Amino acid sequence: KKDEFQWSTYLEETGAVCAPSECFRQSEIPPDNDFKIGMKLEARDPRNIASMSLATVIGIIGARLRLRLDGSDNKNDFWRLVDSTEIQPIGTCEKQGDLLQPPLGYQMNTSSWPMFLTRTLNGCEAAPATFFKKEPPVPPLNFFKVGMKLEAIDKKNPFLICPATIGGVKGDEVYITFDGWGGIFDYWCKYYCRDIFPVGWCRLTGDVLQPPGTHVPITKNIAKTQSTSSKETRPVTKNIAKTQSSSSKETQPTTKNTAKTQSSSSKVTQQS
Ligand code: MLZ
């Protein structure tokens with residue numbers, strides 16, 4: 001247990017504050033995940049967002065579902081919260097007078113889709129309507145402030161939720177920076193984006209929170225070879241915490257932590 005990433009210890013070390021729950025478009029009490037593997041539902045096709053397609057629950061993680069579009073391949077799985085507006089019970093499209101569309105990358109001839117659909121739906125286990133939760137409302141304002149900590153989905157590895165810091169605020173957007181990854185995974189998003197969560201979300205939902213990375217940004221690595229100043233060799237997350245902490249001892253990750261982070265991130269890569 002003591003090797004696991006702990007927000008409490010980390011927040012103490014960095015002297016950082018958490019973004020309060022009012023900032024997020026997430027339920028303060030995370031929704032129950034009642035879905036079971038194998039259940040079917042309708043989902044917006046992530047690669048063709050105008051169309052709804054048929055999906056199967058391939059995995060359950062925290063308040064999220066790992067989904068695969070029927071008739072598609074196994075390389076384009078995606079993750080959705082149980083209170084996402086991008087999923088709905090089977091029959092919703094039909095009720096609205098719409099048709100379920102073949103997924104982008106449908107592996108058979110398009111003309112076979114209606115029959116494929118009929119056969120796939122026949123005797124399938126449709127996820128009950130009560131499993132789909134209502135999406136929380138948009139917070140009235142962008143309450144985020146630079147330096148606040150949160151948990152965020154890594155858009156390049158969307159199964160991962162990672163410790164992050166608000167690196168910028170501009171209008172209704174926030175800059176999500178991933179602690180210890182030197183900026184390579186960072187992105188701007190709306191403050192009401194469904195991919196960002198308050199600190200403690202993973203613990204509450206049972207999702208897996210990744211440990212922070214131990215990478216130093218490239219510019220800082222370059223600086224290291226040209227300068228002996230220890231300030232320039234600090235990882236980016238610690239720089240953010242700099243204003244709150246003066247101890248240089250606190251700002252250097254231990255070798256043990258480095259090994260731990262690398263082994264756990266490579267494990268995740270193998271699983272994907
Ligand atoms: N296995 C990958 C995952 C990195 C995830 C970073 N998330 C902010 C790697 O080590 O590059």
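What you see is a predicted model, and the numbers here were worked out from it, not measured in a lab. Whatever order the structure lists them in is the order used to number ligands and atoms, beginning at 1.
Connection of Phe5 to Leu204 is not established within any shared hydrophobic cluster, with ILVMFWY side chains joined at heavy-atom distances below 4.5 Å, either directly or through further cluster members.
If you number the atoms of ligand 1 from 1 as listed, the ones under 4.0 Å from a heavy atom of Phe178 come out as 8 (C). Heavy-atom contacts of Leu160 reach the following atoms of ligand 1: 5 (C) (cutoff under 4.0 Å).
In this structure, Cys162 counts as a contact residue of ligand 1, since one of its heavy atoms falls inside 4.0 Å of the ligand.
Residue pairs meeting the ring pair (Phe, Tyr, Trp, His ring centres under 6.0 Å) criterion with at least one member in residues 19-51, sequence neighbours excluded, are Phe24-Phe144, Phe35-Phe131, Phe35-Phe132.
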(request) Start with the C-alpha gap between Asp77 and Asn74, add the side-chain angles, then the distance that decides, and say whether side-chain hydrogen bond (donor to acceptor under 3.5 Å, both in side chains) holds. (result) CA-CA 6 Å; Asp77 292 353; Asn74 58 6; over 6 Å; no

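With respect to Asp83, the side-chain hydrogen bond (donor to acceptor under 3.5 Å, both in side chains) criterion is satisfied by exactly one of Arg25, Arg194, Lys133: Arg194.
Residue Asn157 has no nitrogen or oxygen atom sitting less than 3.5 Å from a nitrogen or oxygen atom of ligand 1, judged on distance alone.
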